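Right, one structure below, let's go through it.
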Amino acid sequence: MTGRDPRHDDDAVRRAAKGYHEPPPTPHEEMWRAVEARLGERPGPVPRERRPFTPRRLFARRGVGGWVGLAVAASAILALGVGLGRVSAPPTAPSAGPSVASGPAAAESESPTGVRLVAERHLQASESLLRLVQADARAGHVDAQVGGWARGLLLETRMLLDSDASRDPVLRELLQDLELLLAQVAVLDGADTPERARTELDLIARGLHEQSMMTRIQSVLPTVDAGFSGT
Amino acid sequence: LDEQQLIERVRLGDQVAFRTLYDGNVDRIFRLVFRMCGDEDLARDFTQETFVRAYQRLDQFRGDAAFSTWLHSIAVSVALNGLRRVDRHRKRERSLDDAAPLAAPSRRGLEPDVRERMKRAIDALPEIYRTVFLMHDLEGYNHGEIARCLDVAEGTSKARLSRARARLRDVLSDLAPEAAR
């Protein structure tokens, strides 16, 4: 492309690039419904009413009480408990000198950053699972490993909901919604027929869309976020 | 109602006014984030997140720039941050998605290998160049809009576009007769 008018070359580049990620029609209404649902749930200009944390709604929605194996539960709880203990334990002081932190400063230093770290790792793992579920929904089949993976994550989610992580209202709400989704995924491998499993899978994928679960997970995970000052 | 009046009404809790702002901007936002991510699920998530964040942060909007510009700056940030986080997942999904076009008839115009090479070349561009290229050359934003969205000088936007095009020209140079048709 050398030796010619650069504008001609740029036109050629534009033409060749035109089909790059060609957008489909905008799903106006579907996205609006999801946005509208979230406007009522999250802080904003409008006073809002948070949904109270009611773990029982999970069981009211689906009978999930019987499939959690005791051994799996015990090992998952142990693993997460050890992890929580390790990362949230205060660092050992190198000397026995007097502490200079007291009052609000000391309280700040005792914030549950370790639990937060565990929660972030948990969300990353959950995101991976949900991506797999989305891919399965598109492919129309259920991966055999999904159910077991979801059950482990479901246990961790519930533990996090009972931990200091749930003191953050945004994280708590996210974990509550994640709990519901994971409970649905966890029972996929128990579906009577492949057709039923596909139907359930579609419902889960739709729930992922409507709740913007991926983006909400990403927004909770640490990012280099630009400031939006309206300039 | 003009844009400022709509914003004031949203601040007072009027979701119908917010719907009007949504209707006026959602197409461009969705198109842009789709160009950036190439995945409809992600594009929907990013678009929805953009509007939710805008709603939550409307008190921070000072009105120095147009609402759409402010909204686009949120969209670009949401998409870039989201893409960084899900990049490893997208690699896996891309391998699934790539299976479909194999059976599909080739598109009219450029040969598939030109398109494929261009796609790879755009994907390989550094993020700062790719974003400007997509906004300017594919979605028709001008350098002023891009500069405000990305919080850079207009000259920076022009320089990045120039570098992006130069890299793409280099990649396509051996396909020039085909690509130039």
Side-chain angles (χ1 to χ4, degrees), chain A residues 1-2 4 6 8-28 30-32 34-36 38-40 42-47 124 127-128 131-132 134-135 138-139 205 208-209 212-219 221 223-231, chain B residues 10-13 15 18-19 22-23 26-27 30-31 34-35 37-38 40-49 51-52 55-65 70 73-74 77-78 81-82 85-86 89 93 96 107 110 114-115 118-119 122 137-138 151 165 168-169 172-173 176 179-180:
Chain A
M1 284 193 184
T2 55
R4 297 197 319 228
H8 181 272
D9 290 345
D10 288 342
D11 286 344
V13 167
R14 271 196 294 272
R15 277 199 305 277
K18 194 177 174 186
Y20 178 82
H21 294 172
E22 184 72 41
T26 306
H28 285 90
E30 203 175 334
M31 288 196 298
W32 172 252
V35 170
E36 192 177 30
R38 291 178 62 194
L39 297 187
R42 296 176 67 170
V46 184
Q124 285 174 339
E127 185 188 10
S128 299
R131 293 267 168 225
L132 181 59
Q134 282 184 324
R138 280 198 286 272
L208 280 169
H209 275 314
S212 301
M213 186 57 70
M214 297 307 184
T215 312
R216 288 170 62 198
I217 290 174
Q218 291 152 25
S219 68
L221 295 175
T223 55
V224 182
D225 205 1
F228 305 122
S229 60
T231 54
Chain B
V10 176
R11 283 178 172 146
L12 294 171
Q15 288 195 14
F18 190 64
R19 170 68 198 239
Y22 170 88
D23 287 340
V26 67
D27 269 326
F30 179 77
R31 285 186 61 86
F34 189 92
R35 289 281 193 191
C37 68
E40 188 165 355
D41 291 333
L42 283 177
R44 288 176 187 226
D45 283 349
F46 294 159
T47 303
Q48 289 161 196
E49 183 64 20
F51 282 96
V52 171
Y55 183 80
Q56 292 170 339
R57 300 178 185 191
L58 202 56
D59 289 340
Q60 297 172 26
F61 175 64
R62 297 200 300 264
D64 299 339
W70 181 69
S73 71
I74 296 176
S77 177
V78 165
N81 285 331
R85 192 155 301 287
V86 302
H89 306 298
E93 289 188 357
L96 292 173
R107 297 181 184 183
L110 296 168
V114 176
R115 288 186 180 279
M118 178 55 89
K119 180 180 184 303
I122 295 172
D137 276 10
L138 298 191
D151 197 21
R165 285 174 173 170
L168 296 177
R169 282 199 302 267
L172 294 180
S173 59

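As the structure is a computational prediction, the values presented were derived from the model and not from experiment. Residue numbers start from 1 in every chain, and the chains themselves are labelled A, B, ... in the order their sequence lines are given, proteins ahead of strands.
- Note that the CZ atom of B:Arg31 and the CD atom of A:Glu22 stand 6.0 Å from one another [nearest 0.5 Å].
- For chain A, the nearby parts of B:Gln48 are the backbone and the side chain; heavy atoms of each come within less than 4.5 Å.
- Contact annotation: the side chain of B:Arg44 never approaches that of A:Thr215 to less than 4.5 Å [non-hydrogen atoms, C-beta and beyond].
- Using a 30° and 60° split on the angle between ring planes, B:Tyr22 and A:Trp32 fall in the tilted class, from 30° to 60°.
- Put simply, CG on A:Asp10 and CG on B:Leu168 are 9.5 Å apart, with the number rounded to the nearest 0.5 Å.
- Within the 4.5 Å cutoff, no side-chain heavy atoms of A:His21 are placed close to those of B:Cys37.
- Put simply, CG on B:Asp45 and CD on A:Gln218 are 7.0 Å apart, with the number rounded to the nearest 0.5 Å.
- Of all non-hydrogen atoms in B:Ile122 and A:Ala17, the two that sit nearest each other are CD1-CB, 3.7 Å.
- Shown here for A:Pro25 and B:Phe30, the closest heavy-atom pair between the two residues is O-CE2, 4.0 Å.
- Highest contact tally toward chain B, considering only A:Met214, A:His209, A:Met213, is held by A:His209 [criterion: heavy-atom pairs under 4.5 Å].
- Atom CE of residue B:Met118 and atom CZ of residue A:Arg14 lie 11.0 Å apart, to the nearest 0.5 angstrom.
- Here the CD atom belonging to A:Glu36 is positioned 13.5 Å from the CZ atom belonging to B:Phe51, to the nearest 0.5 angstrom.
- Between B:Asp41 atom CG and A:Arg131 atom CZ the span is 7.5 Å, to the nearest 0.5 Å.
- The closest side-chain heavy-atom distance from A:Val35 to B:Phe18 is below 4.5 Å.
- The two residues A:Gly19 and B:Arg35 make their nearest non-hydrogen contact at C-NH1, 4.5 Å.
- Minimum interatomic distance between A:Val13 and B:Arg165 (heavy atoms only, all atoms of both residues): CG2-O, 4.5 Å.
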